[in-house]
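Below is one structure; the comments refer to it alone.
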Amino acid sequence: MLATQTEGVDQRDPQLRLNAFFDADTTSLLAPADTSGVLIARGEVNGKNVIAFATDATKMGGAMGSAGCLHIVNAIDTAVRERVPVVGLWHSGGARLAEGVEALHAVGEVFAAMVRASGRVPQISVVLGPAAGGAAYGPALTDIVIMGPAGRVFVTGPEVVRSVTGEDVDMERLGGPEPHGRRSGVVHIVTDTDADALARARDLSTLLGDQGHFSTADARDGADLSSLLPDSPKRAYDVRPLVAALLDSTDNAPAPEPVAGTTGLASTKSPINPVELHARWAPNVVTTLGQLGGRTVGVIANNPLRLGGCLDSASAEKAARFVRMCDALGVPLVVIVDVPGYLPGVGQEWDGVVRRGAKLLHAFAESVVPRVTLVTRKTYGGAYIAMNSRSLGATAVFAWPDAEVAVMGASAAVNILHRRKLAAAPAEERDALRTELIAEQERIAGGVGRAMELGVVDALIEPTETRRRITEALAAAPAARGAHGNIPL
Amino acid sequence: MEQIRAEMVANVWQIAAKVGAKIAEGDTIVILESMKMEIPVIAETSGVLTELAVKEGDVIQEGDLIAVVS
């Protein structure tokens with residue numbers, strides 16, 4: 001997609017980058033090229049209108065002055081007016097020093113425009129080079145940040161860090177893909193090439209800007225999804241193959257029927273590949289945008305491969321931000337639950353697991369988009385409530401037949417509830433008694449029987465019918481969209 | 001060098017890699033047991049396992065060193 005390495009062509013050229021982002025031959029500038037260091041353009045992505053801007057790193061390192069900032073504000077305001085996504089291609093040293101406070105004021109106006117647009121149109125940032133100071137907060141205020149291999153985001157550069165703290169650190173270790181992809185959560189997607197960064201931005205522009213409609217015919221019964229889980233309920237597994245199998249792909253979406261009156265091209269639209277956000281930050285919860293039955297959905301799934309799938313402060317915050325983004329942009333949610341509880345520990349408590357966990361409760365309870373929960377193996381305790389339970393307003397809660405919905409696992413519960421009884425029993429009878437008590441505990445509190453009686457689980461569904469049942473439940477709920485911005489929680 | 005530390009209180013259930021072994025990102029080094037779950041501890045970087053600080057049956061606390069990959 002990117003222009004080839006032609007002699008004499010500067011790969012930082014913003015016009016080249018915009019051309020590489022948009023569908024071929026669709027880029028048209030919204031303002032003539034000037035000395036401002038910013039280009040703004042309209043173009044198409046998969047045939048749909050999108051607005052984009054690019055800072056020009058060939059002019060003063062892409063530093064932002066008042067004229068360039070005004071262009072960006074205009075681009076964002078245009079996108080809001082036309083209700084289309086706005087994508088920023090960043091490569092900028094921050095505010096133009098020579099312009100002094102005037103530049104700071106202008107950068108602040110960009111931030112204000114981004115916040116005005118927040119939750120109204122999708123905002124996507126692609127960081128292709130250093131984005132420092134004011135240019136760091138630009139991407140950070142948007143819904144999704146993608147970073148190419150040369151992308152760097154930091155507030156103060158290595159030299160300032162060295163002079164103030166004495167720490168010797170280079171740009172990459174300070175604010176490259178590794179720290180932001182894994183440690184800080186600033187970046188949602190890290191890519192190996194610039195071309196791939198732009199390709200992801202295109203996928204996301206379509207997923208969020210052209211969400212489509214549910215077609216239950218496209219989500220027929222199919223593969224046994226439970227085959228992607230291990231036999232032992234204690235065994236860890238990676239939930240991502242399950243997420244992939246649930247979503248549309250060229251494998252599990254039958255070719256749509258041709259629609260009368262449309263061209264062959266439009267009716268054979270193939271699914272957009274799912275895009276996982278924050279894949280390496282807080283990996284114990286997975287957040288993925290993809291399509292289900294032909295429509296964009298957001299999937300939140302506990303991942304037992306990491307921390308046993310426990311929720312913790314970072315993963316709760318990650319999920320909460322994702323839920324609020326989807327709610328603000330009208331994206332229905334699918335919540336795949338297999339959670340042993342919240343991670344215990346001093347580190348968690350001091351890390352604010354109560355405050356940050358509360359964000360997830362708030363995000364689900366507040367959201368108005370259709371949101372369906374599926375319990376695959378187990379859901380216990382406080383994490384049960386947080387993972388889009390009926391009490392928080394789930395549209396529907398499904399469970400697979402062997403799932404357990406409880407305050408805690410039956411054996412743990414027996415050890416607490418019957419501690420005295422077990423201690424009093426003769427040693428040789430203790431194991432038999434424990435087994436008996438566990439069976440009794442499972443009967444009265446475990447399984448999903450009690451949860452169904454209470455109406456907090458609506459139905460048991462078979463793994464083979466999961467795609468269809470979730471799609472039907474989402475499609476039957478009234479489409480809605482939260483009236484709020486998407487603060488980067 | 002990557003120091004792998006425990007993210008939670010747990011029992012060390014199984015050692016899955018030997019000192020001196022080549023480790024790829026995503027490889028399981030030890031399997032912990034906590035919260036009634038078997039929890040694999042996974043290498044975040046590739047390298048050689050140069051130190052194993054735990055043995056099977058140990059109880060480890062949050063923050064304890066488990067292994068070093070260099």
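Just so you know, these numbers come straight off a predicted model, no measurement behind them. Letters A, B, ... mirror the listed sequences (proteins, then strands); counts begin at 1.
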TODO: Step through the shown structure and confirm whether more than 12 heavy atoms of other residues, nucleotides or ligands are within 6.0 Å of CZ on A:Arg430.
DONE: yes

Open item on the list: Other residues, nucleotides and ligands only: do more than 12 of their heavy atoms fall within 6.0 Å of CG on B:Asp27?
Closed with: yes

Calculate, to the nearest 0.5 Å, the distance between atoms [atom1] and [atom2] belonging to [X] and [Y] respectively.
{"X": "A:Lys234", "Y": "B:Met37", "atom1": "NZ", "atom2": "CE", "result": "9.5 Å"}
{"X": "A:Glu178", "Y": "B:Thr45", "atom1": "CD", "atom2": "OG1", "result": "8.5 Å"}
{"X": "A:Asp238", "Y": "B:Ile42", "atom1": "CG", "atom2": "CD1", "result": "8.0 Å"}
{"X": "A:Leu307", "Y": "B:Leu32", "atom1": "CG", "atom2": "CG", "result": "9.5 Å"}

Task: Options B:Glu33, B:Glu44, B:Met8, B:Glu7, ranked by heavy-atom pairs under 4.5 Å with chain A, top entry - done: B:Glu44

TODO: Please flag which part of A:Leu305 lies under 4.5 Å from any non-hydrogen atom of chain B: side chain, backbone, both or neither.
DONE: both

Task: Contact origin within A:Tyr237 toward chain B - heavy atom pairs under 4.5 Å - done: neither

